[in-house]
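Data block below; observations after.
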There are 2 protein chains.
Amino acid sequence: MDVRQLRYFIAIVEQGSFSRAATVLRIAQPALSLHVRNMEAHLGAPLLFRSPKGAVPTEAGEILLRNARIIVEQLAITEEEIRSNESDPRGLVRLGLPGTISEILSVPLITAARQRYPGIQLRIAEAMSGFVLEWMRDARIDLAVIYRKVSGDGLSTEELLEEELAFFGPAGGLNDGETLPAPGTRVSLAGVAGLPLIVPGEDHGLRLLLDHHAEVAGVDMNVAIEVDSYTNIKKLVAAGFGCSVLPLHSISGEVAEGALQSWTIDGPPIRRPVHLACSVERPMTNAVAAIRDFIPELVRDLAREGAWGGVSEPAADCEKG
Amino acid sequence: MDVRQLRYFIAIVEQGSFSRAATVLRIAQPALSLHVRNMEAHLGAPLLFRSPKGAVPTEAGEILLRNARIIVEQLAITEEEIRSNESDPRGLVRLGLPGTISEILSVPLITAARQRYPGIQLRIAEAMSGFVLEWMRDARIDLAVIYRKVSGDGLSTEELLEEELAFFGPAGGLNDGETLPAPGTRVSLAGVAGLPLIVPGEDHGLRLLLDHHAEVAGVDMNVAIEVDSYTNIKKLVAAGFGCSVLPLHSISGEVAEGALQSWTIDGPPIRRPVHLACSVERPMTNAVAAIRDFIPELVRDLAREGAWGGVSEPAADCEKG
DNA sequence: GGTTAATATCGCGTATTGTTATGTCGGGTG
DNA sequence: CACCCGACATAACAATACGCGATATTAACC
């Protein structure tokens, strides 16, 4: 049996007549005769009692009618459910962020997402870029913001922007008396590499980036302290134990407060891309897809407002489907 | 959406692959591609996540799958329900019978019907033929056994048999001393009309029949007592207050017990047809139809066994559908 | 880099579905 | 009582959908 036949049957019973149902259904009356006849043949029982005044359901017809209504209704509900799920996604979205990104993105994202997608529950996990990527591979999170482009391995990334890293030091000068560059001047990598540096450990993306730039520039870095936390790096720098390199936006607060001072690095700027990663091998819930599409928008807005120190809005290259 | 598409979709998900589902469904794989694509276009959402390893449902697909299973199941249940209802009718069947018929038919009918159609509940109402017909018109009963042929008025009748009426009197002779015919002899209507008669009132089918026969034979009936109950007629006759005319079978018990004696009426036999009436304008439940078809069979069997004094098995003429 | 195994696309034949025209049957009406 | 009308049934034909086979495309695997 076919739902179309069920619909037709319901219409006939509701109209009490083949011909009236035909006009309502905008088809010709013989089509209904045929359909009912086929159904009756299929079920081996008369469904409608025809009379010159119209048609009324037989006992079998009553049974069919009762069930047909349920089935047709169920179908409509199903379509509605799917459609509403498309237009108004709901469910949990787990997002992994590195600390510096979280610091600037978490609050705007949560507030904006809650407003735009009330049905979506965001769970943000904060960790270093490497861990975030690992979680992503383990499917412990649905989306990740990381500092590298990843392709293959079931992941796909979309570049959000490129952050420019800034060299910064304590506003009050270094504890060991070494002189810092004059405020507002441009500094060269070679000129500051000799200052005591507070940087993350060697398996960190930022450290690798700095090492790479130092190598290209042919200078040795004077690594004074290795700390695996952006907050602690900033605190140690503010306390005068050395200088460091971090995204501009993550130190702008302390700079404004007068705890830190920063210099623009001369020569090739040290930049790192910020990517949004999503799984390409698992089907994504609509909630995840909504957030995935929402984050780049939000980041663009933040960058435009100047809230994000980064630059360069790249073209999207994340396969979305 | 179409149930066929739902079935196909379920098969694809269960098989985890378009092509495997195609072989299971015994259709070509491109057909499945098309169907899924149509469904996705219709719903405005991807349903399956295709990969070189097969296909898994997306979020929308999961919703659809869950509902599709229910719908397909519901359809199967519906068909099953209708079919089982056809093969094993159940429900209430209200049957109206005149007293003399009930006396012979009720017990065999109830026992036989209960065995053959365990799902059917028989409710037998007993009343004089005229009342039974009235109930039938008021749709207070589904089937009626009556003594006349009825056509039109939304009713249709099937003749079950023709009862032959017998003249009978008290075995011990009449109270007033009038002489009864010799046992075993044939009597003429004219010869017995003068005896005191105990008959039903004038609006009774049996009384009308007797009046008609008396008129045709040109004799006057000596109506001694009018009683509207077959049982009471028999009791009064047995008590010697007069003679009467009733169907042979309804007095055979008392004749055998020696309470009554009966004579065959010479000349044109007094007969009345027994009809089974059913509504032709209301659709009949299968239970009613089953009993309607069952009663003639049973009556035939009873007549064959001799349990029914009637004769003449007519051809069925009741429209059955 | 070729092979394999999966889905997507295309063109065509056929079966299903719907339409128009006509038939049949009952009931109501002059 | 004949007539007409309204309702369902039937038949021949047209449009659409469906399924098939061949082939393209893609990603994974060796």
Side-chain angles (χ1 to χ4, degrees), chain A residues 1-9 11-42 46-58 61 150-156 279-283 318-321, chain B residues 1-9 11-42 46-58 61 151-156 279-283 319-321:
Chain A
M1 274 196 309
D2 183 357
V3 273
R4 172 175 14 192
Q5 294 177 316
L6 297 185
R7 281 187 230 277
Y8 287 0
F9 182 78
I12 294 172
V13 174
E14 284 180 348
Q15 297 299 321
S17 146
F18 281 63
S19 33
R20 243 177 303 161
T23 64
V24 169
L25 294 169
R26 307 179 153 279
I27 62 172
Q29 167 264 319
L32 292 183
S33 291
L34 255 294
H35 276 297
V36 172
R37 196 169 62 168
N38 288 338
M39 292 170 80
E40 289 177 332
H42 177 70
L47 295 172
L48 291 172
F49 190 79
R50 285 86 151 169
S51 82
K53 292 192 286 292
V56 293
T58 62
V150 176
S151 61
D153 224 1
L155 298 184
S156 147
S279 168
V280 74
E281 67 185 9
R282 280 175 295 150
C318 179
E319 299 87 325
K320 300 191 180 178
Chain B
M1 275 195 308
D2 183 356
V3 273
R4 173 174 14 194
Q5 295 177 316
L6 297 185
R7 282 187 227 276
Y8 286 0
F9 181 78
I12 294 172
V13 175
E14 284 180 348
Q15 297 298 320
S17 146
F18 281 63
S19 31
R20 243 176 304 161
T23 65
V24 168
L25 294 170
R26 307 179 155 277
I27 62 172
Q29 168 265 319
L32 292 183
S33 291
L34 254 295
H35 277 296
V36 173
R37 195 169 64 169
N38 288 339
M39 291 171 81
E40 289 177 331
H42 178 69
L47 295 172
L48 291 171
F49 190 78
R50 285 86 151 170
S51 84
K53 291 193 288 291
V56 293
T58 63
S151 61
D153 225 359
L155 298 183
S156 146
S279 168
V280 74
E281 68 184 9
R282 281 176 294 150
E319 297 87 325
K320 301 192 181 177

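Reminder, nothing fancy here: chain letters follow the sequence lines and each chain counts from 1. This one's a predicted model, so the numbers in the text were calculated from it and none came from an experiment.
The distance from atom CE of A:Met1 to atom CG of A:Asn38, rounded to the nearest 0.5 Å, is 12.5 Å. Note that the CG atom of B:Asp2 and the CZ atom of B:Arg7 stand 9.0 Å from one another [nearest 0.5 Å]. Residue B:Arg4 holds its CZ atom at 11.5 Å from CG of B:Leu25, rounded to the nearest 0.5 Å. Distance check: A:Ile12 CD1 to A:Leu48 CG gives 6.0 Å after rounding to the nearest 0.5 Å.
B:Asp2 has its CG atom 14 Å from the P atom of C:dT16, to the nearest Å. In this structure, the CD1 atom of A:Ile27 is 14 Å from the C1' atom of D:dT16, given to the nearest Å. A straight line from NE2 of B:His42 to C1' of D:dA17 spans 16 Å, rounded to a whole angstrom. For the pair A:Glu40 CD and D:dA9 C1', the interatomic distance rounds to 12 Å; values are reported in whole Å.
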Quick test: give all pairs of protein nitrogen or oxygen and nucleotides 7-10 of chain C nitrogen or oxygen below 3.5 Å, distance rounded to 0.1 Å.
residue : atom : partner : partner atom : Å
C:dT7   : OP1  : B:Phe18 : N            : 2.4
C:dT7   : OP2  : B:Ser19 : N            : 2.9
C:dT7   : OP2  : B:Ser19 : OG           : 2.6
C:dA8   : OP1  : B:Arg50 : NE           : 2.6
C:dA8   : OP1  : B:Arg50 : NH2          : 3.3
C:dA8   : OP2  : B:Ser33 : OG           : 3.1
C:dA8   : N7   : B:Gln29 : NE2          : 3.2
C:dA8   : N6   : B:Gln29 : OE1          : 3.4
C:dT9   : OP2  : B:Arg37 : NH1          : 2.7

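Residue B:His35 places none of its side-chain N or O atoms closer than 4.0 Å to OP1 or OP2 of D:dA17.
Of the possible polar contacts, none joining the B:Ser279 side chain to the B:Leu155 backbone as a donor-acceptor pair under 3.5 Å is found. Judged purely by atom type and a 3.5 angstrom limit, B:Glu40 uses its side chain to pair as donor or acceptor with the backbone of B:Leu47.
Side-chain atoms of B:Tyr8 lie closest to D:dG19 of the nucleotides C:dT17, D:dC18, D:dG19.
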